[in-house]
Every structure is written in C-alpha cells, then in structure tokens.
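Residue indices begin at 1 and follow the sequence shown. Nothing here was measured: the structure is a model prediction, and the numbers come from that model. In what follows, every heavy atom counts, from backbone to side chain, and hydrogens, waters and symmetry copies are set aside.
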Amino acid sequence: GYADYQQMLAVEQIDIAAPILPVQPNPQVVIDCAERGVGAIYCEKPMAVTLAESDAMVEACQSRRIPLAAGDAYRNMPQHWKVKALIDTVDLGEVQNINLYQGTGEISGGGCQGLSVLRLFADDADVEWVTGWCAGDPSSDDDQGMGGIVRFANGIDATISHKRSALEGIEVVCAKGVYHTHWGGGHLWRGDPGGTLTEDADFFEEYGGTQGWMEPSGTRQRGGIESMVEALATGVEPRCSGDNMRKVLEIAVGLRESHR
C-alpha cells in the first residue's frame with residue numbers, strides 16, 4: 001500500500017485516475033495527477049468551490065492534453081446525445097428555449113447535473129447574462145437552491161426553477177418539436193409551429209423505450225466510462241468535461257451574484 005496518493009503517483013504509471021473526493025481537496029489532487037502525467041482524470045462533482053480553482057484544474061489538464069471529466073453525470077447518458085444529434089440535423093428546428101426543473105437544495109452539488117444538460121442543449125454556448133435568485137440568504141457562500149433566467153450568446157433562453165413540483169427534469173423546446181426527460185426516462189414530440197404535437201414513440205427504442213433509463217444500476221456510470229475511453233482513444237473532450245463543469249459553476253456563481 002501507499003501512505004498517500006502522492007507516493008502512489010511517484011511510483012505508478014496510471015492510465016486513468018478517479019479521485020472521488022469531497023470538493024475541498026479535489027482541485028489539488030486533480031492538478032497533482034496532471035503534473036505527474038496521469039493519462040486521464042475522472043473526478044467527482046462539483047469539481048471545485050471557486051472559479052479560480054476550476055480554472056487551474058482545467059488549465060493543468062488542457063495544457064498537457066489530458067482528458068478531464070467531472071461527475072457521474074446525466075450529461076453522459078446516450079439518450080440526450082441522440083436528441084442533440086437530431087437537433088443538430090435541424091430536423092426539429094432550432095432550439096427556442098429550455099426549461100430546467102430541479103427541486104434541489106444545492107445549485108452546485110446536485111444541481112450541476114441539470115445545468116450540465118442545459119448547457120448541452122444550448123450547444124455549450126457562452127452565457128451572455130443571467131438573472132437569478134437564491135432560495136435562502138444570498139449573502140451566504142453555502143450551496144443552496146437557486147432559480148433564474150439564463151441568456152446564451154447564441155440567443156437561446158433558459159429558465160431554472162428550484163422548487164419541487166410535479167414536473168422534474170429538463171424540457172427542450174424547438175421550432176418543430178419538444179424533448180422532455182425526468183432523467184429516468186423521456187419523451188420526444190414532433191410537430192409544426194402552432195400545430196399538434198405527436199410523440200415519436202420509437203425514437204428511444206434502442207434504449208428500451210421511454211422509461212427505465214437508469215436501469216440496470218450503473219447505466220449512467222457506464223456512459224461516463226465509455227466517454228472517457230473514447231476521449232483517450234480519439235482525443236475528443238469527454239461528454240461531461242472539466243471545462244463544461246467549470247462553466248456550470250460559473251452559471252451557479254452568476255445566479256447568486258445577481259441576487260446579491
């Protein structure tokens with residue numbers, strides 16, 4: 001065995017490191033792994049407490065061309081990427097707006113899951129501005145529920161609701177269709193503007209249909225591992241990359257600072 005992870009890094013040639021740690025020690029461990037030449041790093045979410053820490057983590061990996069993924073995340077699930085590919089063909093028309101419903105008491109901890117998928121369907125565009133509010137004391141630096149409106153630089157608008165309701169998950173409204181997922185399943189509807197929406201009942205058939213996306217246990221995790229292996233083999237960014245999670249944290253910070 002080893003007395004600490006530094007000793008292990010000095011001795012072993014590690015292909016993939018997965019530091020599953022509380023958020024406070026996470027940044028330094030990721031940076032140390034990168035500096036020791038680990039092939040790829042798959043850390044937990046949220047990746048850091050501050051934007052400065054997340055910037056340092058991403059820089060340490062990008063400058064060495066080391067794939068960095070952050071989080072056992074919904075964003076890794078292939079169903080969302082199949083819908084995104086359909087949107088990219090303009091078959092559903094352009095994304096008009098996105099509604100995120102996540103009844104959670106932490107915008108950065110559990111809430112980064114939904115924000116990450118929100119960014120996917122906003123084409124990972126930069127944020128132009130945010131208007132936000134906190135469920136509790138806006139002067140507190142503690143993680144808490146937050147809601148708001150996000151305008152992306154590509155013109156897509158998104159609303160974020162932190163109140164628990166009958167509707168959970170994310171709703172992507174396109175010019176000629178709507179996608180909704182509550183994470184454990186989802187539905188895709190098609191239709192012309194102002195017309196009747198018809199569900200595409202066969203779209204998710206390869207995944208067993210519109211329900212049971214989290215079954216068997218480990219399905220979401222497998223998506224993350226497959227994404228990391230693909231990143232190592234081809235050089236593409238992992239589906240839920242460190243850079244993505246850095247920008248997710250930026251949205252969370254922006255919501256809080258807006259209320260302040």
Name each donor-acceptor pair under 3.5 Å that joins a side chain in residues 66-73 to protein atoms two or more places apart or in another chain, with its distance.
{"from": "D72", "atom 1": "OD1", "to": "R220", "atom 2": "NE", "distance (Å)": "3.1"}
{"from": "D72", "atom 1": "OD2", "to": "R220", "atom 2": "NH2", "distance (Å)": "2.9"}
{"from": "D72", "atom 1": "OD2", "to": "Q221", "atom 2": "NE2", "distance (Å)": "3.1"}

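V95 and V178 are not part of a single hydrophobic cluster, where members link through side-chain heavy atoms under 4.5 Å apart. The hydrophobic cluster containing L100 also contains I98, counting ILVMFWY residues as joined when their side-chain heavy atoms lie under 4.5 angstrom apart, directly or transitively. Cluster membership for M228 and V58, using ILVMFWY side-chain heavy atoms within less than 4.5 angstrom, is not shared. Linking Ile, Leu, Val, Met, Phe, Trp and Tyr whenever their side-chain heavy atoms come within less than 4.5 Å puts V127 and V172 in one cluster. Linking ILVMFWY residues whenever their side-chain heavy atoms come closer than 4.5 Å, directly or via other members, places I31 and M8 in the same cluster.
At least one side-chain heavy atom of L118 sits under 4.5 Å from a side-chain heavy atom of F152. Side-chain atoms of L21 and C43, non-hydrogen and from C-beta on, never get closer than 4.5 Å to each other. Within the 4.5 Å cutoff, side-chain heavy atoms of V150 are placed close to those of I251. No side-chain heavy atom of N76 sits under 4.5 Å from any side-chain heavy atom of W81. The closest side-chain heavy-atom distance from E226 to E230 is not below 4.5 Å. The closest side-chain heavy-atom distance from Q144 to I107 is not below 4.5 Å. Side-chain contact check for Q102 versus R164: every heavy-atom pair is 4.5 Å or farther apart. In this structure the side chain of L188 never reaches within 4.5 angstrom of the side chain of E199, judged on heavy atoms.
How far OH of Y74 is from SG of C240: 12.5 Å, rounded to the nearest 0.5 Å. Here the CD-CZ distance, from E206 to F204, works out to 9.5 Å after rounding to the nearest 0.5 Å. With rounding to the nearest 0.5 Å, the separation of CH2 in W183 from CE in M77 is 8.5 Å. Atom OG1 in T219 sits 12.0 Å away from atom CH2 in W213 (nearest 0.5 Å). The SG atom of C174 lies 9.0 Å from the CG atom of N97; values are rounded to the nearest 0.5 Å. To the nearest 0.5 angstrom, S108 atom OG is 11.0 Å from L255 atom CG.
In terms of heavy atoms, V23 sits closest to P46 at CG2-O, 3.5 Å. Nearest approach of C134 to H259, heavy atoms of both residues: N-ND1, 2.8 Å. For I87 against G93, the heavy-atom pair with the smallest separation is CG2-O, 4.3 Å. Contact between N154 and A125 at its shortest, heavy atoms only, is ND2-CB, 3.4 Å. Here the shortest heavy-atom pairing between G111 and T104 reads CA-CG2, 4.1 Å. N244 and S116 get closest at one heavy-atom pair: ND2-OG, 2.7 Å.
With hydrogens and angles ignored, the 3.5 Å screen pairs no side-chain donor or acceptor of R65 with any backbone N or O of C61. In this structure, E257 contributes its side chain and V253 its backbone to no donor-acceptor pair below 3.5 Å. Proximity of a side-chain donor or acceptor of D202 to a complementary backbone N or O of E205 within less than 3.5 Å is not detected. Panel note: side chain H180, backbone E168; a donor-acceptor pair is recorded below 3.5 Å. Without hydrogens or angle criteria, Q211 side chain to G209 main chain gives no donor-acceptor distance under 3.5 Å. Of the possible polar contacts, one joining the S63 side chain to the E59 backbone as a donor-acceptor pair under 3.5 Å is found.
For the residue pair D137/S139, the side-chain donor-acceptor check at 3.5 Å is satisfied.
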request  = Show your working on side chain to side chain contact (heavy atoms under 4.5 Å, CB included) between F121 and H80 and close with a plain yes or no.
outcome  = CA-CA 9 Å; F121 287 110; H80 308 319; 4.0 Å; yes
task = Show your working on side-chain hydrogen bond (donor to acceptor under 3.5 Å, both in side chains) between D91 and T89 and close with a plain yes or no.
result = CA-CA 5 Å; D91 195 59; T89 67; 5.2 Å; no
request  = Start with the C-alpha gap between E237 and D243, add the side-chain angles, then the distance that decides, and say whether side chain to side chain contact (heavy atoms under 4.5 Å, CB included) holds.
outcome  = CA-CA 9 Å; E237 280 275 281; D243 184 54; 4.1 Å; yes
query = Given D32 and Q6, is the side-chain hydrogen bond (donor to acceptor under 3.5 Å, both in side chains) satisfied, shown in steps?
reply = CA-CA 8 Å; D32 288 342; Q6 291 279 17; 2.9 Å; yes
message = M47 vs M57, test: side chain to side chain contact (heavy atoms under 4.5 Å, CB included). Steps then yes/no.
response = CA-CA 9 Å; M47 63 186 295; M57 295 165 73; 3.8 Å; yes
key: Verdict with reasoning, K247 to E250, per salt bridge (Lys or Arg N to Asp or Glu O under 4.0 Å)   = CA-CA 5 Å; K247 291 174 181 176; E250 188 176 49; over 6 Å; no
request  = Check the pair F203, R190 against side chain to side chain contact (heavy atoms under 4.5 Å, CB included), reporting the backbone distance first and the verdict last.
outcome  = CA-CA 11 Å; F203 188 77; R190 301 174 188 259; 4.1 Å; yes
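When the options I14, I16, I41 are evaluated for a side chain to side chain contact (heavy atoms under 4.5 Å, CB included) with C33, the one that passes is I41. With D124 as the partner, the salt bridge (Lys or Arg N to Asp or Glu O under 4.0 Å) test is satisfied by one option alone out of R246, R239, R75, K84: R75. The side chain to side chain donor-acceptor pair (under 3.5 Å) test with E171 singles out one residue from N99, T159, T181, and that residue is N99.
Within 6.0 Å of atom CZ in R260, more than 12 heavy atoms from other residues, nucleotides or ligands are found, so the atom counts as buried in its surroundings. Heavy atoms of other residues, nucleotides or ligands lying less than 6.0 angstrom from CD of Q13 number 12 at most.
Between Y179 and W189, the gap from one ring centroid to the other reaches at least 6.0 Å.
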